[in-house]
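Scroll down for the structure; my scribbles are underneath it.
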Amino acid sequence: MPELPEVERLRLTLLPHLLGATVLSGTLKRRDYCTVVGEDGAVQKGPVSEEALLVGGAINALSRKGKQLAMTTADGRVAVIHLGMSGQVLFSVGTRAPRANHQHVEWLLRRGDETEGTMVFRDPRRFGGLWSYPSMEVLERTAWSKLGPDGLTSPLSQLEGSLRRVAQGGERPSARSIKMALLDQALIAGVGNIYADESLFLAGIRPDRLCRELTLEDVARLARAVRQVLGDAVTKGGSTLKDYRDANGAGGTAQQTHMVYGRGAEACRMCGSRLKWSFQQRTTVFCGVCQR
DNA sequence: AGGATAGCCTGCGGGC
DNA sequence: TGCCCGCAGGCTATCC
């Protein structure tokens, strides 16, 4: 369940291995795992050129928006990784990566220090994927512009602004529950099921509250909670529930301090009352006492 | 057009 | 022990 903190952690741990590295080769082991986007935004699945896999390029940036990670080469090409729900990107020194099943893409790199390294993208459930763009401009125009402000790096006022639009007194008050809204990447980018539940708990807001009934105070508190929950999780290396690993194979520890996620029917860490389950299309856990 | 829903996909845990 | 079922969820397509 990689969400923003896990992807950010992956970015931070990949950075020292990739910055300045030259892509010697790229292999797509599953043909339909990569989508090539053209200059006009048209998409094409199927056979992928070496160019699309960044071969021959020198990686000069790793950027992230929400849960998407973009690798850029000096000549402008971009490859975007979505981890989906079970995706992992592992880096290893040398020309051979540890073998595992479901390895869909493999890159051989020559790093700045002249040693060779291998980067493998594996994704058992295949909810993730690789997207190739001719330039950052096309990525921004066709995809990232549709995402809301990044939950971690956008100014707090923008997160608040996004939530305000769908709340009481906003431009288009929404009949959706706030839980569903938090999962909407067009509203705030990067929040998934784990951190939506955690943010709502911290803000003291019930997940089934309707957006249009939230007050401006609720919205301000929630925006701050989202920012804090995501930031804390990055510091802890993300949540490793089962699959998640950073580029070096290390797991995170944020799951140890979850207040509600995965704790249905257990005692609330704040008030001791029994946490409740609900299903807003996704499993949701909350405290009926602490959250109103 | 906003909002709800189905479906993609594999691994795993529970029940029998 | 082994099999079947249900569940996990990010995202897109589709329907109402």
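So that the names make sense, note that chain A is the first sequence line, chain B the second, and so on, each numbered from 1.
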Are any of the side-chain nitrogens in [X] or [Y] under 4.0 Å away from the carboxylate oxygens of its partner?
X	Y	answer
Arg221(A)	Asp218(A)	yes
Glu6(A)	Arg9(A)	no
Arg209(A)	Glu213(A)	no
Arg77(A)	Glu51(A)	no

*Establish, from distance only, whether the side-chain atoms of Asp123(A) and Ser86(A) form a donor-acceptor pair under 3.5 Å.*
yes
Would you say [atom1] of [X] has more than 12 non-hydrogen atoms from neighbouring residues, nucleotides or ligands within 6.0 angstrom?
X	atom1	result
Arg110(A)	CZ	no
Glu50(A)	CD	no
Arg141(A)	CZ	yes

What protein N or O atoms touch nucleotides 12-16 of chain C N or O atoms at under 3.5 angstrom, if any, and at what distances?
none

*Should the ring pair Phe279(A) and Trp277(A) be called parallel, tilted or perpendicular, given that the plane angle runs from 0 to 90° and is split at 30 and 60?*
parallel
Distance in angstrom units between [X] [atom1] and [N] [atom2], rounded:
X	N	atom1	atom2	result
Lys146(A)	dC11(C)	NZ	C1'	14 Å
Trp144(A)	dC11(C)	CH2	P	13 Å
Leu241(A)	dG11(B)	CG	P	18 Å
Gln68(A)	dC11(C)	CD	P	7 Å
Ile81(A)	dC11(C)	CD1	P	14 Å

*Per the side-chain hydrogen bond (donor to acceptor under 3.5 Å, both in side chains) rule, which among Arg64(A), Lys65(A), Lys67(A) passes with Asp150(A)?*
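When Arg64(A), Lys65(A), Lys67(A) are each tested with Asp150(A), the side-chain hydrogen bond (donor to acceptor under 3.5 Å, both in side chains) holds only for Arg64(A).
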Using nucleotides 3-5 of chain B, report all nitrogen or oxygen pairs with the protein that are shorter than 3.5 Å.
from	atom 1	to	atom 2	distance (Å)
dG3(B)	OP1	Ser174(A)	OG	2.8
dG3(B)	OP1	Ala175(A)	N	2.8
dG3(B)	OP2	Ser174(A)	OG	3.2

Distances under 3.5 Å between nitrogen or oxygen atoms of protein and nucleotides 7-10 of chain C:
from	atom 1	to	atom 2	distance (Å)
dA8(C)	OP1	Thr283(A)	OG1	3.0
dA8(C)	OP2	Thr283(A)	OG1	3.4
dG9(C)	OP1	Asn193(A)	ND2	3.2
dG9(C)	OP1	Tyr261(A)	OH	2.5
dG9(C)	OP2	Thr283(A)	OG1	3.4
dG10(C)	OP2	Asn193(A)	N	3.4
dG10(C)	N7	Arg282(A)	NH2	3.1
dG10(C)	O6	Arg282(A)	NH2	3.4

*Can the ring centroids of His104(A) and Phe121(A) be said to lie less than 6.0 angstrom from one another?*
no
_Considering every strand and a 4.0 Å limit on heavy-atom distances, what is the contact class for Asn101(A): base, sugar-phosphate, or nothing?_
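Here Asn101(A) touches the backbone only, sparing every base.
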_When you measure from the side-chain N and O atoms of His102(A) to the phosphate of dG11(B), is any distance below 4.0 Å, counting only OP1 and OP2?_
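Affirmative; the distance criterion is met.
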